[in-house]
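These values consider heavy atoms only, across backbone and side chains, with no hydrogens, waters or symmetry-generated copies. The chains referred to below are lettered A, B, ... by the order of the sequence lines, with proteins before strands, and numbering in each begins at 1.
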There are 2 protein chains.
Amino acid sequence: MGTPAFMKLEVQIKMNASLYLRDPEQSELGKNIIKFSIELIHKHGFEAFTFKKLAEAIGTTEAGVYRYFENKHKLLVYIISWYWGWLEFQIGYQTKNVTNPVSKLKKVITILATTVEDDIMTGYVDESLLHQILISEGSKAYLTKQVSQDNKQEYFKPYKDLCNTVGIIILECNSKYKYPHSLASSIIEVAHLQNFFMHNLPSLTDFSKSKNEDQIIIFLNDLVFSSIEK
Amino acid sequence: MGTPAFMKLEVQIKMNASLYLRDPEQSELGKNIIKFSIELIHKHGFEAFTFKKLAEAIGTTEAGVYRYFENKHKLLVYIISWYWGWLEFQIGYQTKNVTNPVSKLKKVITILATTVEDDIMTGYVDESLLHQILISEGSKAYLTKQVSQDNKQEYFKPYKDLCNTVGIIILECNSKYKYPHSLASSIIEVAHLQNFFMHNLPSLTDFSKSKNEDQIIIFLNDLVFSSIEK
DNA sequence: TTATTTATGATAGTAATACTATTATTTAAA
DNA sequence: TTTAAATAATAGTATTACTATCATAAATAA
């Protein structure tokens, strides 16, 4: 059952093996764990998400899920890391022919701030749901007491790599700019926060009426290019 | 026991009554709930914080705590709201003689990005711990599935008021600036995020070596004034 | 002062969560 | 074909997040 591997064109995101007990990409059950986690976390939020509900949704048992992931925090970190890895790939792919660094940075800001469409190259992952999860649950991956241990285990490497990539583009725009890493992480986080605020706490933004992501992009472009082209 | 009320100079922060079942400011037990919540959440993080542990720390019972707060989420929102209210007061107080809007905004950025000292005017609240809690737990108050209901109940009013205050100062600096609310909320959030990253995921910032908050202030000033003085 | 309300303390209990462990069964690899 | 590995089925435990009850202490009102 299922198409043989050689007939698929699939994007493989390399994952940190210490995030899981058994590699979820290597089995049908594993792929279902990822697929249904994304759906359930998106639908009910991370707090209400449990391995029991996940198991029921998949049609397996709680113990079955525990064979793949130690706990739901690692599963969250896994899917979030996956997303950062995928985004890094998207950015590389979508900017590969862009030579002008300003255009490139604009393109990156657009990618970071835009709800993605589901990428058919990645079978069991719905990127548009993942993007929503990142907005509302993303920071919970690192806002924990174990952040330093998790960091030592390289759990945040894809996120750090992405920030680094963005930082490099910032320096290409202006090699004298002093805060490329801070600006990069701020762009990513502000893109998500303003999106969340726009939809849920609109008075914290200036985008209340239309709820259009383009406004966030314009705001970010203004913020970023004022700073680096000053 | 305790000093009579008329002998104290106390700052009272007006709290939204639907956050609690019984007003914690009106009793010794209530004040202890706030005081020890701040200590325990700071020490162990919000996820590991339970009403049972809190009750044990205070020397009361779980049921005793439940008579004040329905659940730990409301308690978190309570102490966070308290902090925003207190910060609003601080900003008003510390900028009341500053007429130049640029100086005022700089002062505000400094207040937002600096670890506060414990304010002796507020008996049972340790503001420096609260500031740390805000950095690592603050966004958990609104990053939930009930954010819209909570917002309808005005749980985030102190935060929104603060953003509004900052937004007004931004407009005083440049009345043509288009995104005063978004910039205000971004300043507050970026101040906290960069602080968290500096201490826990330093490669996401450019402040790795010294771990000095002043660098965050300089970064924010650069970011903000480039945008609004453009 | 006594009566009465109100807050607290002590204790119990429940459903759900976050796991661990055991055994049987199925599926896949050697 | 044997053997190993993955899964399903089931059970069990400690902790969490509550709700409920009743006795007692403290504050307040009659």
What's the shortest heavy-atom distance between A/F69 and A/L19, and which atoms?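 That would be CD2-O, 3.5 Å.
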
Taking atom [atom2] of [N] as reference, at what distance in whole Å does atom [atom1] of [X] sit?
| X | N | atom1 | atom2 | result |
| --- | --- | --- | --- | --- |
| A/D23 | D/dA6 | CG | C1' | 14 Å |
| B/L21 | D/dC18 | CG | C1' | 12 Å |
| B/E28 | C/dG9 | CD | P | 11 Å |
| B/E56 | D/dT15 | CD | C1' | 12 Å |
| B/K74 | D/dA17 | NZ | P | 16 Å |
| A/L29 | D/dA5 | CG | P | 18 Å |
| A/F69 | D/dT7 | CZ | P | 13 Å |
| B/F46 | D/dT16 | CZ | C1' | 13 Å |

For residues 191-203 of chain A, which side-chain donor-acceptor pairs fall under 3.5 Å, sequence neighbours excluded?
from   : atom 1 : to     : atom 2 : distance (Å)
A/Q194 : OE1    : B/S182 : OG     : 2.8
A/Q194 : NE2    : B/S182 : O      : 3.4
A/Q194 : NE2    : B/S185 : OG     : 3.0
A/Q194 : NE2    : B/S186 : OG     : 3.2
A/N195 : OD1    : A/H199 : ND1    : 3.0
A/N195 : ND2    : A/E213 : OE2    : 3.3
A/H199 : ND1    : A/N195 : O      : 3.0
A/N200 : ND2    : A/F196 : O      : 3.0

For B/Y68, report the nucleic acid contact type (base, sugar-phosphate, nothing); a contact means any heavy atom under 4.0 Å. sugar-phosphate

Which donor-acceptor pairs under 3.5 Å do side chains of residues 36-47 of chain A form with protein atoms, sequence neighbours excluded?
from  : atom 1 : to     : atom 2 : distance (Å)
A/S37 : OG     : A/I33  : O      : 2.5
A/E47 : OE1    : A/K140 : NZ     : 3.1
A/E47 : OE2    : A/K140 : NZ     : 3.3

Should B/R22 be listed as having a side-chain N or O under 4.0 Å from OP1 or OP2 of C/dT8? yes

Between C/dG9 and B/T61, is there an OP1 or OP2 to side-chain N/O distance shorter than 4.0 Å?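 Answer is no, no contact under 4.0 Å.
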
Each nucleotide of nucleotides 16-30 of chain C classed B (base within 4.0 Å of a protein heavy atom), S (only sugar-phosphate) or -, in 5' to 3' order, makes -SBBBB---------

Listed partners of A/K211 passing side chain to side chain donor-acceptor pair (under 3.5 Å), at least two apart: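 Counting only residues at least two positions away or on another chain, A/K211 forms no side chain to side chain donor-acceptor pair (under 3.5 Å).
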
Contacts of type side-chain contact (heavy atoms from CB on, under 4.5 Å), residue A/E25, not counting sequence neighbours: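 With sequence neighbours excluded, A/E25 shows a side-chain contact (heavy atoms from CB on, under 4.5 Å) to A/Q12, A/M15, A/D23, A/Y78, A/Y124, given in chain and number order.
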
How would you list, by chain and number, every residue that makes a side-chain contact (heavy atoms from CB on, under 4.5 Å) with A/L21, sequence neighbours excluded?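 Counting only residues at least two positions away or on another chain, A/L21 forms a side-chain contact (heavy atoms from CB on, under 4.5 Å) with A/E70.
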
One pair to check against ring pair (Phe, Tyr, Trp, His ring centres under 6.0 Å): B/Y179 and A/F219. What are the steps and the verdict? CA-CA 7 Å; B/Y179 318 102; A/F219 166 65; 5.4 Å; yes

